[in-house]
Amino acid sequence: MLPKHVAIIMDGNGRWAKKRLLPRGAGHRAGLKRMIALADHAFERGIVCLTLFALSTENLSRPKEELDGLYSLFRDYFPAQSERLKEKGVTLRVIGDIDLLPEDIRAIIRAGEERTAGGERGTLALALGYGARQEILSAVNRAVREGKELTEEEFSALLYTKDFPPLDLLIRTGKEMRLSNFLLYQAAYAELYFSEKMFPDFSDGDLDEALEAYEKRERRFGKL
Ligand code: FPP
């Protein structure tokens with residue numbers, strides 16, 4: 001069966017650029033173009049929820065020049081892309097602490113989310129200023145403040161992903177084999193898939209290969 005919810009850690013933009021003697025920003029631009037085409041392909045394949053790790057809380061301490069470059073890419077592409085997603089019936093969501101982002105970016109995000117709300121084809125979630133430990137801690141702190149013990153369902157409802165289907169497949173590009181503070185709670189029973197390709201080189205065919213590998217796995221969720 002095809003996974004319903006796929007997440008991708010889009011790693012390797014910097015190394016992709018370095019290999020070509022280009023500035024890191026050129027890697028992010030290539031990554032962004034790949035991300036847009038890959039998302040189209042994923043929805044055409046029938047995935048209903050795609051969560052993409054674009055900027056972690058840790059990434060926010062990168063040099064100002066690199067962050068400014070990412071923010072300007074965002075300003076250049078996000079409004080038109082959200083319009084395109086609306087036409088396709090895809091709901092756009094941003095997960096993470098958007099208060100960590102510049103004010104104008106927050107406004108663009110809110111407008112994009114409003115524009116695409118209610119799209120029934122699927123959800124494209126972009127993780128920006130996202131950290132899984134922070135997400136879990138803020139859910140725990142909320143429960144503590146309310147002074148109550150939670151069930152798994154109640155806890156899940158306090159996470160950014162509360163209305164997403166369970167995470168089935170988590171892909172990481174760029175050769176590293178770690179989760180880097182991404183969807184730590186949600187990944188409990190996700191299948192993991194690591195690609196050696198740098199993200200700008202991760203093609204539609206590479207996603208198809210990951211989906212094929214997923215379909216061959218036997219998911220037992222801890223049972224026999
Ligand atoms: C990781 O590569 C990638 C990022 C930190 C940014 C991901 C962003 C995009 C794919 C496109 C831009 C998206 C938006 C929303 C503007 P890296 O820089 O860590 O690569 P490296 O590990 O090779 O250095």
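All ligand and atom numbering here is 1-based and tracks the order in the structure. Side-chain atoms are counted along with the backbone in the values below, which use heavy atoms only and exclude waters and symmetry mates.
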Full working for salt bridge (Lys or Arg N to Asp or Glu O under 4.0 Å) between Arg45 and Asp40:
CA-CA 9 Å; Arg45 285 294 318 261; Asp40 281 351; over 6 Å; no
For the side chain to side chain contact (heavy atoms under 4.5 Å, CB included) test, which of Glu215, Glu191, His5 pairs with Leu169?
Glu191
Using links of under 4.5 Å between side-chain heavy atoms of ILVMFWY residues, direct or through other members, which residues join Tyr189 in one cluster?
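Noted: Tyr189 shares its cluster with Phe221.
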Would you say Arg219 and Asp168 make side-chain contact, with heavy atoms under 4.5 Å?
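Yes - at least one pair of side-chain heavy atoms lies under 4.5 Å apart.
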Which pairs would a plain distance check flag for residues 101-110, meaning a side-chain donor or acceptor within less than 3.5 Å of a matching protein atom at least two apart in sequence or in another chain?
residue	atom	partner	partner atom	Å
Glu103	OE1	Arg106	NE	3.2
Glu103	OE1	Arg106	NH2	2.5
Glu103	OE2	Arg110	NH2	3.3
Asp104	OD1	Arg75	NH2	3.2
Asp104	OD2	Arg75	NE	2.5
Asp104	OD2	Arg75	NH2	3.4
Arg106	NH1	Asp99	O	3.4
Arg106	NH1	Leu101	O	2.8

Check ligand 1 for N or O atoms under 3.5 Å from a protein N or O and list each pair with its distance.
residue	atom	partner	partner atom	Å
ligand 1	2 (O)	Gly12	N	3.4
ligand 1	2 (O)	Asn13	N	3.4
ligand 1	18 (O)	Arg24	NH2	2.8
ligand 1	18 (O)	Arg62	NH1	2.9
ligand 1	19 (O)	Asp11	OD1	3.3
ligand 1	19 (O)	Arg62	NH2	2.8
ligand 1	20 (O)	Gly12	N	3.4
ligand 1	20 (O)	Asn13	N	3.2
ligand 1	20 (O)	Gly14	N	3.0
ligand 1	22 (O)	Asp11	OD1	3.0
ligand 1	22 (O)	Arg15	NE	3.4
ligand 1	22 (O)	Arg15	NH2	3.1
ligand 1	23 (O)	Gly14	N	3.4
ligand 1	23 (O)	Arg15	N	2.7
ligand 1	23 (O)	Arg15	NE	2.8
ligand 1	24 (O)	Arg24	NH1	3.2
ligand 1	24 (O)	Arg24	NH2	3.2

Could you pull out every donor-acceptor pair under 3.5 Å between side chains of residues 126-134 and any protein atom, sequence neighbours left out?
residue	atom	partner	partner atom	Å
Tyr130	OH	Glu135	OE1	2.5
Tyr130	OH	Leu183	N	3.3
Gln134	OE1	Asn181	ND2	3.3
Gln134	NE2	Thr57	OG1	3.2

